[in-house]
Protein chains: 4
Amino acid sequence: MSPAPSPEKVSARAEAQRVRILDAARVCFSERGFHGASISAIAEVAGMSQGLIYRYFTNKAAIIRAITDEQREERREALAGIATCSELVEKLLEKIDAWRETGPGMTCEGGFDAALFLEVSAEATRDPDIAAVVTAQEPQIWVDFEALVQRSAEAAGKPLDAAALRRRTVVMRCLVDGLILCYVRDPAQDREVLRRSLQEAVTALCL
Amino acid sequence: MSPAPSPEKVSARAEAQRVRILDAARVCFSERGFHGASISAIAEVAGMSQGLIYRYFTNKAAIIRAITDEQREERREALAGIATCSELVEKLLEKIDAWRETGPGMTCEGGFDAALFLEVSAEATRDPDIAAVVTAQEPQIWVDFEALVQRSAEAAGKPLDAAALRRRTVVMRCLVDGLILCYVRDPAQDREVLRRSLQEAVTALCL
Amino acid sequence: MSPAPSPEKVSARAEAQRVRILDAARVCFSERGFHGASISAIAEVAGMSQGLIYRYFTNKAAIIRAITDEQREERREALAGIATCSELVEKLLEKIDAWRETGPGMTCEGGFDAALFLEVSAEATRDPDIAAVVTAQEPQIWVDFEALVQRSAEAAGKPLDAAALRRRTVVMRCLVDGLILCYVRDPAQDREVLRRSLQEAVTALCL
Amino acid sequence: MSPAPSPEKVSARAEAQRVRILDAARVCFSERGFHGASISAIAEVAGMSQGLIYRYFTNKAAIIRAITDEQREERREALAGIATCSELVEKLLEKIDAWRETGPGMTCEGGFDAALFLEVSAEATRDPDIAAVVTAQEPQIWVDFEALVQRSAEAAGKPLDAAALRRRTVVMRCLVDGLILCYVRDPAQDREVLRRSLQEAVTALCL
DNA sequence: CATGAATGAGTTTTCATTCAT
DNA sequence: CATGAATGAAAACTCATTCAT
């Protein structure tokens, strides 16, 4: 009875547990912030005991780091199926709307959680560990983003050389990240104006 | 002798104390976040007892609200002496650099504290009170920002009608707010590239 | 100008201040209990600064002692105009009703504050100082009470000798104090039943 | 081995902890009053950390409520083995004496804590929650008390009809509760006089 | 005489973390 | 592997008391 489970089984189970914890943490952190959310809240949402969490993460800090680290992949996925900058703007607006409606923690499955994104960015400002994780994500994000911008430029018939590509990419990232802040700070503002403003800028930049 | 202090004197003292507390709070909140900073830390930085803080603010929440509310004025001042969008980009980059060097809490006196800005934005995501304060600032900020954009457009010989002005202003705000995020997330990145990218965009937008 | 006030004037003023403080304290203690009421609350109700209170009372404990001490006089007054035990029961019921309606602190002016009476009794259980004050009142109260009971007995044509008088007085005091507890613990109970029960007992005791 | 503890075991432990806390609370509340006793004092007496108390009671208020609620059962038990009103008076005097000697908090095991009884009554005057708990106990207490009074009346050969029974019961309760107050306010008084006075009254009431 | 700012110790309560079972 | 009881430190907040003015 109860044969020793194969190592893969074990780590599969372990991985599943980690996922459960991270799913719960995402919800809690999004709702209350990294420092406002308690381990006991996470445990409750995850449907497990507080003690068990410490079998999979040494620390609350480790959970925060893991959540922060996830965002790299999410960001990659967000850019994956997208052909042009114009489409990116469109999709992002949709996702922010979805976030407002479905509530916090829905970062996975192609969703986007603006609260978590800002919390991570703010925390990166203070905690060197988090800053390191965030900064480490950047090269990859730049690669993906540049690919998109180049794709977009080529679609517009104006391919860019390396330096111009980088600059155009910087602008696009600022635009996109700034859009999130804009939306968060004044959620009542006219979404259509937002959309058209951004699209106009994309056009002006020949993307 | 020892005349009863005039009421102005009294409230002047009270006001001075409030300022001391807010100065300390700005430093602490910037360093540790709203929920990571403790009242006792604020009291220590302010050089007073914890109890005294409660004579001037009913709550920690009240301090957070006050700090959030301050940002309106700071933002106004930041735009005040600026003629064109190009100049805005230049000044903002300088200020972010200054913040990185002088450390946290230097929001006043024309300074800019990116950490605090992000913390406020993140908190607005969770706390309806903070969201209300932030949202209430927006109309004023739009007015100031539109004035700058129009000034800039006129300087470029291309004045804008109301609708176009609004759209261009949205783009500028996204650009500028996004720049902050970009900088925070990858502080090591080449500042010169950042500068040129943004300026290029400003030019492309005829501002 | 401002001639040195005569000593009587001074102590008259001092006495008036003490009264203001005690009036306020009575209200606060009645509403929140000795330990639940704060000096600052008393100061506010008294319309003066907290510091001033300490010019007239060395301590919070001193105020509590003073309030406790007052009850002797109140109790005397309560018995003063009363002819028979039957009348006492009637008056007490009226006063408890008045207290329920007019709210706390109305101990003076022939009123009766059941909350304060119980608070004092409870505190006497714990604080030896208060116990001493309360116990010191008792001889006087017994004298007054015995006078009433004797009056009542004579009115019924059955004067009592010293020992019997004392015993009958004990019973009357228990009856009357117990009535207060009964009322407080079940304020909804039928007042008429209460009245008749007590009166019946008075009759049975030939008072 | 080391079998998972059965659910009964688990809640048995929890129940035991609650009892430990309530035992400690009884002592502390009796010694210092509800608002004078601190959670840390209760924790110390209970021999546990402050934090642990909050695993079993959400609030200090919840502990106060629980202590208040206990009194119903204590009161029931106090009346249980008693045949006549005369015996009740005898037993009560004994218990008050025991309380004076054994110190505070000995409410359980057929003991009686006058301090706690008065504290609860005083608190009922201020806190609606406590008032509700106290008032909710009353019907049961009346039932028990009426049973005793009827028993006593029958023993005296004079059974009472419903209305008279109620009135006689009111008188007995006032007598008994008032006795507690009398004793507390003047603990030095002659216990024998007290005893004889009450017994005389009981006789006069044909109980 | 009077104020109210100031303090420091104390309050209740929460929380990350550990550990026996 | 999993629980959840237990802890100790720290959080926000209150309060009696003092003191410069």
Side-chain angles (χ1 to χ4, degrees), chain A residues 2 5 10 13-14 17 35-44 47-63, chain B residues 1-5 9-10 13-14 16-17 35-43 47-63, chain C residues 2 5 10 13-14 17 35-44 47-63, chain D residues 1-5 9-10 13-14 16-17 35-43 47-63:
Chain A
S2 83
V10 167
R13 172 169 185 75
Q17 294 285 59
H35 296 289
S38 70
I39 289 286
S40 88
I42 295 173
E44 191 171 11
M48 62 176 67
S49 68
Q50 304 182 41
L52 191 48
I53 289 184
Y54 286 83
R55 189 167 289 278
Y56 298 101
F57 294 90
T58 54
N59 254 351
K60 191 184 179 186
I63 305 181
Chain B
M1 296 292 124
S2 92
K9 269 279 181 56
V10 167
R13 177 174 191 75
Q17 293 287 59
H35 298 291
S38 70
I39 289 286
S40 90
I42 295 173
M48 61 177 69
S49 68
Q50 304 184 37
L52 191 51
I53 289 185
Y54 288 87
R55 183 171 291 276
Y56 299 101
F57 294 90
T58 52
N59 255 351
K60 192 184 179 186
I63 305 180
Chain C
S2 82
V10 167
R13 174 171 185 72
Q17 294 285 59
H35 296 288
S38 69
I39 289 286
S40 88
I42 295 173
E44 191 171 12
M48 62 177 66
S49 68
Q50 303 183 41
L52 191 49
I53 288 184
Y54 285 83
R55 188 166 290 276
Y56 298 100
F57 294 90
T58 53
N59 254 350
K60 192 185 178 185
I63 305 180
Chain D
M1 300 292 125
S2 91
K9 269 277 182 56
V10 168
R13 176 173 193 74
Q17 293 286 61
H35 297 290
S38 70
I39 289 286
S40 89
I42 296 173
M48 60 177 70
S49 68
Q50 304 184 36
L52 191 51
I53 289 185
Y54 287 87
R55 183 170 292 276
Y56 299 101
F57 294 91
T58 53
N59 256 351
K60 191 185 178 184
I63 304 180

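Within every chain, numbering begins at 1; the chains are lettered A, B, ... in the order of the sequence lines, protein sequences first and strands thereafter. Fair warning: this is a prediction, and the values are worked out from it, not measured in the lab. Values below: every heavy atom of this structure, side chains too, minus hydrogens, waters and symmetry copies.
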Query raised in the report: Which residues pass the side chain to side chain donor-acceptor pair (under 3.5 Å) test with B/Gln17, sequence neighbours left out?
Result: B/Arg20
**Report entry** A/Ser40: partners by side chain to side chain donor-acceptor pair (under 3.5 Å), with sequence neighbours left out
**Finding:** A/Ser38
Requested in this report: Report the residues that fulfil side chain to side chain contact (heavy atoms under 4.5 Å, CB included) with D/Ala62, sequence neighbours left out, ordered by chain and then residue number.
Outcome: D/Phe57, D/Thr58, D/Asn59, D/Arg65
Requested in this report: State which of E/dT12, F/dA12, F/dA16 makes the closest approach to the side chain of D/Ser38.
Outcome: E/dT12
How close or far is atom [atom2] of [N] from atom [atom1] of [X], stated in whole angstroms?
X	N	atom1	atom2	value
B/Ile42	F/dA10	CD1	P	17 Å
D/Ile39	F/dT7	CD1	C1'	16 Å
C/His35	E/dG10	NE2	P	16 Å

Requested in this report: Please determine if a side-chain N or O atom of A/Ser49 lies less than 4.0 Å away from the OP1 or OP2 oxygen of F/dG4.
Outcome: no
Report task. Working to the nearest 0.5 Å, report the span between CD1 of A/Ile42 and CD1 of A/Ile63. Result -> 5.0 Å
Query raised in the report: How does DNA chain E look in dot-bracket notation if pairs are Watson-Crick or G-U with both distances under 3.5 Å, crossing ones as [ ], other-strand ones as |?
Result: .||||||||||||||||||||
Query raised in the report: Which part of the nucleic acid, if any, lies within reach of A/Ala37 when heavy atoms closer than 4.0 Å are counted: base, sugar-phosphate only, or nothing?
Result: sugar-phosphate
Query - Pairwise 5' ranking along DNA chain E for D/Gly36 and A/Gly36, keeping only the more 5' one - result: D/Gly36
Query - Selection: residues 50-63 of chain B, any non-hydrogen atom under 4.0 Å of DNA chain E - result: B/Gly51, B/Leu52, B/Arg55, B/Tyr56
